[in-house]
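Please read the structure below before turning to the comments.
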There are 2 protein chains.
Amino acid sequence: MADTPRSFDPTELGAYFALIEVSSLLRHTVEQQLREAGDLSYVQFQLLARLGNSPDGSYRMTDLADGVVYSRSGLTYQAQSLEQRGLVTRAPSPDDERSTTVAITEQGRDVLAKVFPGHIAVLDELLFEPLERADVEALFDVLGRLRDHMRAAPPRSAAPRRRKTS
Amino acid sequence: MADTPRSFDPTELGAYFALIEVSSLLRHTVEQQLREAGDLSYVQFQLLARLGNSPDGSYRMTDLADGVVYSRSGLTYQAQSLEQRGLVTRAPSPDDERSTTVAITEQGRDVLAKVFPGHIAVLDELLFEPLERADVEALFDVLGRLRDHMRAAPPRSAAPRRRKTS
DNA sequence: GTTTGTTGCTTCGGATTCGAAGCATCTGTG
DNA sequence: CACAGATGCTTCGAATCCGAAGCAACAAAC
């Protein structure tokens, strides 16, 4: 099956494990802070943050899902939840009746603003405090390249719905 | 509330976002591979891998949970699942009747072996292929330090159950 | 203008997850 | 030894999550 008997050296393994561990721990702490400060899950926060950064404060569902690496059905669930709380609105797109446009509301921006300082504090304390400037730059560089690579890579034996095969 | 009005520069933000994104994307792909190759979730794989690396192939529940950054109740659920499939055994610890010792079985090791090549292939392709040796070393160094820092840090306003306060 | 295929989202069912509460076992103190 | 507290794990209920299936709107081919 797999023709890759190559094994990893301790540095590679360590880098991999550390990546998983760090992101898990960070996510955990952030999740807690967001829950307490504004009753938001991490996903919900990410969605609001993305919408808040958008020029017109809105996105299509699919783009949001891809952005935060999330399933479509999961996004539907969270979007409904956010809509009920009045933090976003949903409406069919003008140019394409199929797609739903999600937009952040004033209330959504308020929650975002309320939660942000604590969020920054957590990041500062957990992520940046122990690092030198050069470390942050290294992460930015290496992880940025990784992200681009992963985004570009096809979903691994998943996309073959193209071409008419025969 | 939060006395940290400091904001982040683009490099810091980029590093943070890239970290989250990379770990999400990686996790996603790995999860898929594990599911197909051995019908394992990522957590289950992590548990088996940890047990497989242990000198005596066993751990206490709590240590496992802490190791993979997981809730205790969640671990109970997965441990039961793995036990039913015969991949691990569970038994009360000899020296402490309260604690449960989880041990990997031969069958567990088989599944691990069956799944491993594909796992390595995914990592190689997604994580290591686009990186120079120096990049891997940088990740190892910086993320390793981060992990230590996060592990050491108290769970953020959560631990105050120590000392008799008054 | 149909027919066929694609795309965007939702619904559905089931699996996974967590925190709180519950139960046992240990560990100190007197 | 009896007791309060700590510790280790499980059970419970509710929230969250995903993939598969379904539905509606588009697009392409004829």
Side-chain angles (χ1 to χ4, degrees), chain A residues 24 27-32 34-36 39-47 59-85 88 90-102 155 158-166, chain B residues 24 27-32 34-36 39-47 59-85 88 90-102 155 158-166:
Chain A
S24 292
R27 199 184 173 105
H28 236 251
T29 310
V30 166
E31 192 119 352
Q32 242 176 274
L34 292 173
R35 186 68 67 184
E36 290 170 8
D39 197 38
L40 291 177
S41 71
Y42 197 16
V43 190
Q44 291 173 333
F45 170 73
Q46 283 180 299
L47 295 176
Y59 272 119
R60 296 188 317 147
M61 292 285 281
T62 291
D63 297 332
L64 271 181
D66 287 348
V68 300
V69 189
Y70 210 61
S71 74
R72 278 88 215 278
S73 52
L75 178 57
T76 295
Y77 176 80
Q78 291 296 355
Q80 283 175 340
S81 169
L82 289 175
E83 187 180 31
Q84 282 174 359
R85 291 173 56 182
V88 304
R90 292 193 302 163
S93 173
D95 33 316
D96 189 338
E97 282 290 327
R98 289 170 301 176
S99 67
T100 299
T101 299
V102 184
R161 217 71 60 68
R162 306 165 56 74
R163 310 278 176 197
K164 47 177 121 178
T165 308
S166 63
Chain B
S24 293
R27 201 186 171 103
H28 237 250
T29 310
V30 167
E31 192 117 353
Q32 240 176 276
L34 292 174
R35 185 68 67 185
E36 290 171 8
D39 198 36
L40 291 178
S41 71
Y42 197 18
V43 189
Q44 291 174 333
F45 171 72
Q46 282 181 299
L47 296 176
Y59 272 121
R60 297 188 317 147
M61 292 284 283
T62 291
D63 297 331
L64 270 181
D66 288 346
V68 300
V69 189
Y70 209 61
S71 75
R72 279 91 215 282
S73 52
L75 178 57
T76 295
Y77 176 81
Q78 291 296 356
Q80 283 175 340
S81 170
L82 288 175
E83 188 180 32
Q84 282 175 357
R85 292 174 56 182
V88 304
R90 293 194 302 163
S93 172
D95 35 313
D96 189 338
E97 281 291 327
R98 290 169 302 180
S99 67
T100 298
T101 298
V102 185
R161 217 71 60 68
R162 305 165 56 75
R163 311 277 176 200
K164 46 177 120 180
T165 310
S166 63

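Below, chain A is the first sequence line, B the second, and so on; all start at residue 1. The analysis underlying the following values was restricted to heavy atoms, covering all of them including side chains, and did not include hydrogens, waters or symmetry mates.
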Taking the nucleotide of DNA chain C with the nearest heavy atom to each, does B:Arg35 or A:Thr100 sit closer to the 5' end? A:Thr100
Do B:Arg27 and A:Val69 come within less than 4.5 Å of each other through their side chains, counting heavy atoms only? no
Heavy atoms, side chains only, cut-off 4.5 Å: are B:Tyr70 and B:Gln46 in contact? no
What's the closest nucleotide to the A:Gln80 side chain, out of D:dT11, D:dG8, C:dT11? C:dT11
Within the 4.5 Å heavy-atom criterion, are B:Ser93 and B:Arg60 side-chain neighbours or not? no
Taking the side chain as everything from C-beta on, heavy atoms only, tell me whether B:Glu31 gets closer than 4.5 Å to B:Val43. no
Ranking B:Thr101 and B:His28 by the position along DNA chain D of their nearest nucleotide, the one closer to 5' is B:Thr101
Pairwise 5' ranking along DNA chain D for A:Asp95 and A:Val43, keeping only the more 5' one: A:Val43
Taking the side chain as everything from C-beta on, heavy atoms only, tell me whether A:Gln44 gets closer than 4.5 Å to A:Val88. no
D:dT10 phosphate, OP1 or OP2, under 4.0 Å from B:Arg90 side-chain N/O: yes
Mind checking whether B:Val68 and B:Leu64 have side chains closer than 4.5 Å, heavy atoms only? no
Going by heavy atoms closer than 4.0 Å, what residues in residues 70-78 of chain B are next to DNA chain D? B:Arg72, B:Ser73, B:Thr76
